Number of protein chains: 2
Amino acid sequence: MNATIKDVAREAKVSIATVSRVLNNSAVVTDETKQRVLDAIKKTGYKPNALARSLKIQKTHTIGLIVPDISSPFYPEVVRGIEDIASMYSYNIFLCNTDQKEDKEMNYIEILSEKQVDGIIYMGDIIRESVKQQLHDIGIPIVLAGTEDAESEFPNVNIDNKKASYDAVKYLLSLGHKKIGMISGPSDDPIGGIQRTNGYKEALSEAKIRFKPSLVVEGNFKARQAYLAMLKLLENNVDAVFAASDEMAAAAINAIFDSGFSVPEDIHVIGFDNTYLSYMFRPTITTIQRPAYDIGAVSMRLMTKLLAKEPIDDMHVILPHQLIVRESTGYGEEKK
Amino acid sequence: MNATIKDVAREAKVSIATVSRVLNNSAVVTDETKQRVLDAIKKTGYKPNALARSLKIQKTHTIGLIVPDISSPFYPEVVRGIEDIASMYSYNIFLCNTDQKEDKEMNYIEILSEKQVDGIIYMGDIIRESVKQQLHDIGIPIVLAGTEDAESEFPNVNIDNKKASYDAVKYLLSLGHKKIGMISGPSDDPIGGIQRTNGYKEALSEAKIRFKPSLVVEGNFKARQAYLAMLKLLENNVDAVFAASDEMAAAAINAIFDSGFSVPEDIHVIGFDNTYLSYMFRPTITTIQRPAYDIGAVSMRLMTKLLAKEPIDDMHVILPHQLIVRESTGYGEEKK
DNA sequence: TTGTAGGCGTTATCAA
DNA sequence: TTGATAACGCCTACAA
């Protein structure tokens, strides 16, 4: 089958130790024998077996990625960020989709551990205690990417979700709005539901506006439900709306138009995530951008430091988010 | 560190061979000793080392994925389809982003080979000869997913891109249009540029309409250039437009409105790919859907058959595409 | 500078 | 039914 180090050794008439040395530049070898070895490698078409190597050196140069769903927005960019940095440091990536289900997560972590990955990057809105325990137990470096973790036991790279929605609502307040509605994520969603609603409340409270439960309608990040949510908010005569996702913001705008009102003339709308929907939609949608690629890249960079046992200056990185102002709050065309 | 099979053997007072037997159910073991071994496994917290196992049995239960860019549309869904089936058959997945660059592709294939993957699924618009050669040389099962391959040397799962755009244009013809413009992909793009333009030409020719080069303007799948392209087409008084991507279709619609015309009243537009932009945009956009998830799932299923050396009924699977009719061709609201 | 040999953690073939 | 033991392909003291 495939040539092994033995075949190369035989071909070059040296010991396998010598072949190994030229392969890894691990010790000085005469130019002449080195050349003989290189020739033999070429002749035999030898490719080192990473399995055998990893077994010996106890490192696989592989890391595992636990991701809810690579086909949902946000994660592809995070993963791309991770992979770019990983490849820069010669690491490969195992991709595991879990739909945030506990059994799938546990199962994959088990497998990754058996496959001897050097580290694991966990993604998901929130992380369960049981999963944390298991990740802890396998005893390899762990990094959380874009995940809320109250006790923050693990290194983490994220944005400040509460602050992000606070900023969005504060911007609406600065435009003079008093009656600001919100279309939130599911109430049990730690980020889109809880954190973002908290930011909304905080901005209101800071502006001394009393919080009215009727102005917060729960959505599920999907268009249909957000459309209905917006109709409810219209009954309450809101003059601005903050939606916890761009898709919901777009649906809200559609509902507003269909009800005979106009954006941004009558009502202002802000979305979340800066998906390309937000700038392709007309009117273009003001939104909050999460630096997905950077979250991935920084997470992986952190991982490489952990793996190299380099000193870490900060185990909990908060990346800056950004309010991107567009037509839906009356700012006019995006320049882009 | 981690317990090995030896530790378990010692703990259970049996040989490692026996431990291996209960682990793999490879031979009959007394219930009593079996229980002793199981207890020992629990007590030591033993996890089998997949590396050592793979080295021995010459199988890793791992497959490599070559993908242009996981953060661009289409691929995340394909990859999700692959991973779902892979996990069903206990395979893990290495994800490799190549941006379709030859050196990256070659490099990753090399690494995947060294890591002893059992198979590789290649994704990309087209596949280079050099890459084909290399994939061929490493001698493991290969499947192409969503890739044009003239000689079709490898098993392949794809849609018929030419037929897809043929169908789109034919639909426009059926609506009575005579002057149909096209915003294509780059002219050197094998799918969006060449295949789709060919389908356009064929539909026209079948309807005995002479092909006019001035009615095909080259785009780059991005909004800005497509917007300009549409302005040119307007100078030529087209009454319908087929764009090789949804983003270009949306940009075209924007250009049409900005020029004082209306969609679908004055001009009909069709896009490509059924991205969520196509149904969130107003007017909603008629488009062609590529079954991304299925392309992935079927590819991986094909791979499992290849790996199991099962007989394959069809090495070249053409999956059905679908024309999704929406407002931009005057059909009215989508029901969804 | 080069070679010998043990071991990384398994599986699988022989014997016993 | 169970136990030694030789691979799998590589790295790395230790010798020479």
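Just so you know, these numbers come straight off a predicted model, no measurement behind them. Lettering of chains follows the sequences in order, A, B, ..., and the numbering in each one begins at 1.
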With both pairing distances under 3.5 angstrom for Watson-Crick or G-U wobble, and | for a partner in another strand, the correct string for DNA chain D is ||||||||||||||||
note: B:N24, atom CG; D:dT2, atom C1'; distance rounded to Å ~ 16 Å
Whole-Å distance, B:K6 NZ to D:dG3 P, equals 16 Å
_Can you confirm whether B:D314 is buried at CG, in the sense that more than 12 heavy atoms of other residues, nucleotides or ligands lie under 6.0 Å from that atom?_
yes
Contacts satisfying ring-ring contact (aromatic ring centres under 6.0 Å, His included) that involve residues 31-66 of chain B (not counting sequence neighbours) are B:H61-B:Y91
Residues in residues 44-62 of chain A with a heavy atom under 4.0 Å of DNA chain C, by number, are A:L55, A:K56, A:Q58
Between A:I5 and A:I16 the two heavy atoms that sit nearest each other are CD1-O, 3.8 Å
Do the side-chain N or O atoms of B:T33 get closer than 4.0 angstrom to the phosphate oxygens (OP1, OP2) of D:dT1? no
(Q) For A:H136, I'd like to know if atom NE2 has over 12 heavy atoms of other residues, nucleotides or ligands within 6.0 Å. (A) no
Residue set satisfying side-chain hydrogen bond (donor to acceptor under 3.5 Å, both in side chains) with A:D103, at least two apart, ordered chain then number -> none
field: Verdict with supporting geometry, A:K101 and A:E105, salt bridge (Lys or Arg N to Asp or Glu O under 4.0 Å)
entry: CA-CA 6 Å; A:K101 295 210 183 114; A:E105 291 183 344; over 6 Å; no
| said: Surrounding CG of A:D137 (heavy atoms of other residues, nucleotides or ligands, distance under 6.0 Å), is the total greater than 12? | reply: yes
Next item on the list: State, yes or no, whether a side-chain contact exists between B:K47 and A:E110 at a heavy-atom distance under 4.5 Å.
Entry: yes
Please work out if A:S20 contacts a base, only the sugar-phosphate, or nothing of the nucleic acid, heavy-atom cut-off 4.0 Å.
base
Rounded to the nearest 0.5 Å, the CZ atom of A:R290 sits from the CD1 atom of A:I295 at a distance of 6.0 Å
Notebook entry, point to check: Quick one: are A:I121 and A:I82 in side-chain contact, heavy atoms under 4.5 Å?
Noted result: yes
Check nucleotides 14-16 of chain D against the protein and report each pair of N or O atoms closer than 3.5 Å, with its distance, or say if there are none.
none

Considering only heavy atoms from C-beta outward, does the side chain of B:E151 approach that of B:K132 to under 4.5 Å? yes
A:N25 atom CG is separated from D:dT12 atom C1', nearest whole Å, by 16 Å
Taken to the nearest 0.5 Å, the spacing of B:S71 OG from A:E83 CD works out to 10.5 Å
Rounded to whole Å, the NZ-P distance (B:K34 to D:dT2) equals 11 Å
From CD1 of A:I16 across to P of D:dG9 the rounded distance in Å is 12 Å
Distance col, row B:L95:CG vs B:L65:CG, nearest 0.5 angstrom, shows 6.0 Å
What one should report as the nearest heavy-atom pair of B:P141 and B:D118 is CD-O, 3.3 Å
Students should find that the nucleotides of DNA chain C closing off the region near chain A, any atom under 4.0 angstrom from a heavy atom, are C:dT1 to C:dG9
Assert: residue with more 5' nearest nucleotide on DNA chain D, out of B:V28 and A:I5, is B:V28
Using a cut-off of strictly less than 4.0 Å, decide whether B:S15 has a side-chain nitrogen or oxygen near OP1 or OP2 of D:dT2. no
